[in-house]
Amino acid sequence: MQAAVVTEFRAPLRIDEVDIPEPGPGQALVKVLYTGVCHTDLHAAHGDWPVKPTPPFIPGHEGVGEVVAVGDGVTRLAVGDTVGNAWLWNACGECEYCQTGRETLCPDQTNGGYSVDGSFGQYMLVDATYAPIIPAGVDLAAAAPILCAGVTVYKGLKESEVKPGQWVLVSGIGGLGHLAVQYARAMGMRVIAVDVSDDKSALALDHGAEVALNAATEPDVVARIHEATGGGAHGALVTAVNAHAFPQAVGGLRRGGTVALVGLPPEQFGLDIFSTVLLGLTVRGSIVGTRKDLAEAIDFFARGLVEPTYTLRPLEEINDIFDEMLAGRIDGRVVMDMRA
Ligand code: NAD
Ligand code: ZN
Ligand code: ZN
């Protein structure tokens, strides 16, 4: 089969001919139809994070496809089912985190397109216990971005503790952020969006943000957030791939507010101790979502409450897609058409 392979960090991916994997016990082999391209795939290919994947590997954790074979002991999936892969490829099921509904914190988890080969190939393996099932009747290309971007922002918005009718700040209106605007609206929140271009502001407003700020041209973003929300956002979700966005989001919070950090730029940021303490702020990380969060996120999509903005591209263009992503030039998500 053809696959885009990372052979060396920061080198262009190679479109190689590789063997079709064989499903082991508890696994299924899936013919990939579509796969979203997440900024995490780019971080993976660059070796950006402290815990690195081992080249050669195949990225991709927003794959949607059809089950073509199952391994021993598989009962949850059958040939012909439509399923996806996910960042949480599987987890141990036994540790204190798995036992308490926090499987995304499992120290023994594996990750799609990172520690296990992912969906940037014509076939992929999934763990039959963890693979998300895609309901009948949905646009399968549009379903792909839900599998990471969708669930991540849906879970992050829950973690922001913003209630219906309150303001949430969404910083970064890319693949994740443009879906965050829509999930937030569907969850009854009022949205103020921040990115660094007028195109992203337009995308946020199209998807239901009430206010959109361009941090590249706006002289005092924090003051504008406070002004527009009558005293600060009740919560914030930061998906931006730039460390400058993080203190800005903290600064935009109302007293007692919570910021959920989701974006993973490799840099650090300084948290102001005095204001965090005196204003009673909460800063927390949020990593993808559990299988239950993912099923809920897919259900919002299947009911038409969120509609990913996406462009279909061929696998051969993966290196161009990464270049455009780095430059912030992608509108919503790129979904690769793997059917050829
Ligand atoms: P993307 O490239 O589609 O979007 C990133 C957006 O950030 C772009 O619109 C860009 O213009 C914007 N941005 C850049 N600088 C900014 C600034 N200073 N202020 C505001 N916005 C700014 O990326 P994506 O696929 O949406 O992923 C976003 C990040 O989230 C990545 O770091 C990715 O690895 C991470 N991620 C985390 C999780 C998780 O579970 N925590 C899951 C998926 C992705
Ligand atoms: Zn992702
Ligand atoms: Zn576990």
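When a ligand or atom number is given, it counts from 1 through the structure's own listing order.
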- Query: Are any of the heavy atoms in A215 under 4.0 Å away from ligand 1?
  - Reply: no
- Item | Charged tip of R303 within 45° of F300 ring normal and under 6.0 Å | yes
- Query: Quick one: do the D293 and T290 side chains pair a donor with an acceptor below 3.5 Å?
  - Reply: yes
- Proximity winner for atom 32 (O) of ligand 1, if only heavy atoms of M325, H178, H43, H39 are counted: H43
- Message: Name the residue from V306, V181, V191 that meets the side chain to side chain contact (heavy atoms under 4.5 Å, CB included) definition with H207.
- Response: V181
- With a cut-off of 6.0 Å (strictly less than), are more than 12 heavy atoms of other residues, nucleotides or ligands near CD of Q268? no
- Closer than 4.0 angstrom: is that true for some heavy atom of W49 and an atom of ligand 1? yes
- Item | Near the Zn ion (ligand 2) (under 2.8 Å) - protein N, O or S atoms | C38 SG, H61 NE2, C148 SG
- Polar contact flag, side-chain donor to acceptor under 3.5 angstrom, D331-T309: no
- Item | Polar side chain donor-acceptor pair, Y34 to D139, under 3.5 angstrom | no
- Give the single entry among V334, D195, V238, N242 that approaches atom 20 (C) of ligand 1 most closely by any heavy atom. D195
- Query: Relative to the ring of H61, is the ring of W87 parallel (under 30°), tilted (30 to 60°) or perpendicular (over 60°)?
  - Reply: perpendicular
- Would you check whether R333 reaches within less than 4.0 Å of ligand 1, judged by its heavy atoms? yes
- Note on the structure: shortest atom 26 (O) of ligand 1-to-protein heavy-atom contact is with L176 N, 2.8 Å
- Message: Hydrogens and angles aside, do N319 and E317 bring a side-chain donor and acceptor to less than 3.5 Å of each other?
- Response: no
- Message: Check this for me - ligand 1, C148, N or O atoms closer than 3.5 angstrom, yes or no?
- Response: no
- Decide whether the shortest distance between a heavy atom of I330 and an atom of ligand 1 is less than 4.0 Å. no
- Note on the structure: min-distance protein heavy atom vs atom 33 (C) of ligand 1 -> T40 OG1, 3.4 Å
- Task: Counting heavy atoms only, name the option from V194, V196, V262 that's nearest to atom 35 (C) of ligand 1.
- Result: V262
